[in-house]
Number of protein chains: 2
Amino acid sequence: MKKRSGQADEAHAIAERVHSAAIRLLRRLRKSDAAQGLSGPKSSALSVLVFGGPQTLKDLAAAEQVRAPTMSRLVAELEVDGLATKAGDRSDRRVVRIAATAKGKTLLEAGRERRLEVLTAQVEALSRAERETLRSAAEILVRLNAQG
Amino acid sequence: MKKRSGQADEAHAIAERVHSAAIRLLRRLRKSDAAQGLSGPKSSALSVLVFGGPQTLKDLAAAEQVRAPTMSRLVAELEVDGLATKAGDRSDRRVVRIAATAKGKTLLEAGRERRLEVLTAQVEALSRAERETLRSAAEILVRLNAQG
DNA sequence: ATAATTAGTTAGCAAAGCTAACAATATCAC
DNA sequence: GTGATATTGTTAGCTTTGCTAACTAATTAT
């Protein structure tokens, strides 16, 4: 028997629901992915490159909350597909600067578009207040995620 | 160049943010998982069994938005660990009824507890209004997910 | 100059998803 | 009833994505 304060109990219930909703959302979106050439993690990494500009592998891995070897491989694959480039840094020759190519940017757009098509339509059908709730919740989560 | 109505544009931006927040949240939570014996998908499946009662493999797979072979393996692993049982149905001998064991229920509790510990603490530290926002957002997402 | 740290890669493993192919049972058409 | 078709679940084998451990190369600190 667990004993908790009312507030902690409420927080726990909210955490569970948010967690569960996130799991199901991603599983659902994953499906519209395969149809096209850009998997979830690759799309996400490319997105960071497009919107955050060229970065080192380490930073990219950190942004994606993934270990260096994992990102190293993802980037290698993006490079093979001509979606990103690696270039050595002159001042510190250990680091590799990774950038999205024009092709990468284009494909990213198309990919995220399709991936989020259904969700976007659903969000559009919500009331103004509900949309605002989602937007605020996303912001809160981003903040919590950053906290670690 | 994409052209969109202001409202669709807003919906798209919200969809992106929600998506991104969900990705990062799950990546973060996944880490506190490994420490213990119950991975994300297994924990989730077990949860369905505990809260939804015994089910056929097909229903369980549908609830988890996963294909039958995937669920078949997850259940087999849960069974090996003594967390779930499979029993044939007498009236339709094709189907297998899957149920959580007492051990499974206990472990599920402990698992989700630990998995959500950090998030719960963070949610607890939020303002009342922020907590309410998260709760509402989770509800909205669950509804959208159910729509397909 | 040498030691320690940092950035990235390679190799090899595990988890979780998929499809294709199959066995066993149920249901339907006739 | 019997043969064709559906459904349920499993097995085999592949892919993707994550990890750690071990390594190289380059930089920084002592």
Side-chain angles (χ1 to χ4, degrees), chain A residues 23-24 26-46 54-81 84-99 111 115, chain B residues 23-24 26-46 48 54-81 83-99 111 115:
Chain A
I23 287 179
R24 283 174 174 69
L26 292 191
R27 276 211 272 251
R28 180 157 69 99
L29 293 187
R30 199 175 16 232
K31 288 168 190 164
S32 30
D33 251 340
Q36 181 220 5
L38 207 53
S39 76
K42 284 183 208 168
S43 167
S44 189
L46 191 52
Q55 310 194 22
T56 66
L57 189 136
K58 197 196 178 203
D59 290 346
L60 191 51
E64 289 296 278
Q65 295 178 319
V66 144
R67 301 289 178 167
T70 298
M71 188 51 69
S72 182
R73 184 179 23 184
L74 287 177
V75 167
E77 289 166 4
L78 287 175
E79 202 185 14
V80 164
D81 292 343
T85 55
K86 291 194 292 188
D89 185 311
R90 252 180 305 272
S91 68
D92 183 342
R93 287 183 352 212
R94 290 169 304 179
V95 318
V96 179
R97 287 204 92 68
I98 301 154
R115 183 182 171 79
Chain B
I23 285 179
R24 285 174 174 69
L26 291 191
R27 278 210 270 249
R28 178 158 70 100
L29 294 186
R30 196 173 22 229
K31 287 168 191 164
S32 33
D33 250 342
Q36 181 219 5
L38 208 53
S39 75
K42 285 183 207 169
S43 167
S44 189
L46 192 51
V48 170
Q55 310 195 24
T56 66
L57 188 136
K58 198 198 176 201
D59 289 346
L60 191 51
E64 288 296 279
Q65 296 178 319
V66 144
R67 300 290 178 166
T70 299
M71 188 50 70
S72 182
R73 182 179 20 168
L74 287 178
V75 167
E77 289 165 6
L78 287 175
E79 201 185 14
V80 164
D81 292 343
L83 307 174
T85 55
K86 292 194 290 188
D89 186 311
R90 252 180 305 272
S91 68
D92 183 341
R93 287 185 350 211
R94 291 170 304 181
V95 319
V96 179
R97 286 204 93 68
I98 302 154
R115 183 180 171 83

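So that the names make sense, note that chain A is the first sequence line, chain B the second, and so on, each numbered from 1.
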How many whole angstroms separate atom [atom1] of [X] from atom [atom2] of [N]?
X	N	atom1	atom2	result
B:Leu57	D:dT10	CG	C1'	9 Å
B:Met71	D:dT11	CE	C1'	17 Å
A:Leu38	D:dT17	CG	P	9 Å
B:Lys58	C:dA26	NZ	P	16 Å
A:Gln65	D:dC19	CD	P	10 Å
B:Arg67	C:dA20	CZ	P	10 Å
B:Leu26	D:dT17	CG	P	16 Å
B:Glu64	C:dC18	CD	C1'	17 Å

- Item | Atom pair OG1 (B:Thr85) and CZ (B:Arg97), whose distance is rounded to the nearest 0.5 Å |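 So the gap between those two atoms works out to 11.0 Å.
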
- Task: Any chance you could measure B:Leu46, atom CG, to B:Leu60, atom CG, to the nearest 0.5 Å?
- Result: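 B:Leu46 CG to B:Leu60 CG: 9.5 Å, rounded to 0.5 Å.
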
Contact under 4.0 Å: [X] side-chain N or O vs [N] OP1/OP2:
X	N	value
B:Ser39	C:dA15	no
B:Lys86	D:dG9	no
B:Arg73	C:dA16	no
A:Ser72	C:dG8	no

Do [X] and [Y] touch side chain to side chain, with heavy atoms closer than 4.5 Å?
X	Y	answer
B:Leu74	B:Lys42	yes
B:Leu38	B:Leu83	yes
B:Ser44	B:Glu64	yes

- Nearest-neighbour nucleotide for the A:Asp92 side chain, D:dT17, D:dT27, C:dA16 considered: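 Looking only at side-chain atoms, A:Asp92 lies closest to D:dT27.
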
- Query: Who is the Watson-Crick or G-U wobble partner of C:dA20, with both distances under 3.5 Å?
  - Reply: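 Pair assignment: C:dA20 / D:dT11.
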
- Query: Does any nucleotide pair with C:dA15 by Watson-Crick or G-U wobble geometry, both distances under 3.5 Å, and what is it?
  - Reply: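 Across all strands, the one nucleotide that pairs with C:dA15 is D:dT16.
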
- Message: Is it the case that the base of D:dT27 and the side chain of A:Arg94 share a donor-acceptor contact (distance under 3.5 Å, atom types as modelled)?
- Response: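 It does not, because no donor-acceptor pair links the side chain of A:Arg94 to the base of D:dT27 below 3.5 Å.
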
- Query: Has the side chain of B:Arg93 got a donor or acceptor atom sitting under 3.5 Å from an opposite partner on the base of C:dT25?
  - Reply: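 Flag unset: no donor-acceptor pair detected.
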
What contact category does [X] fall into here, base, sugar-phosphate, or nothing, at under 4.0 angstrom with non-hydrogen atoms?
X	answer
A:Ser91	sugar-phosphate
B:Pro69	base
A:Glu77	sugar-phosphate

- Query: Does C:dA24 sit syn or anti, given that only angles within 90° of 0 count as syn?
  - Reply: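 Anti, which is what one calls it when the glycosidic angle falls more than 90° from 0.
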
- Task: Would you check if the side chain of B:Arg24 reaches a backbone N or O of A:Gln65 as a donor-acceptor pair within less than 3.5 Å?
- Result: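 Checked: no pair found.
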
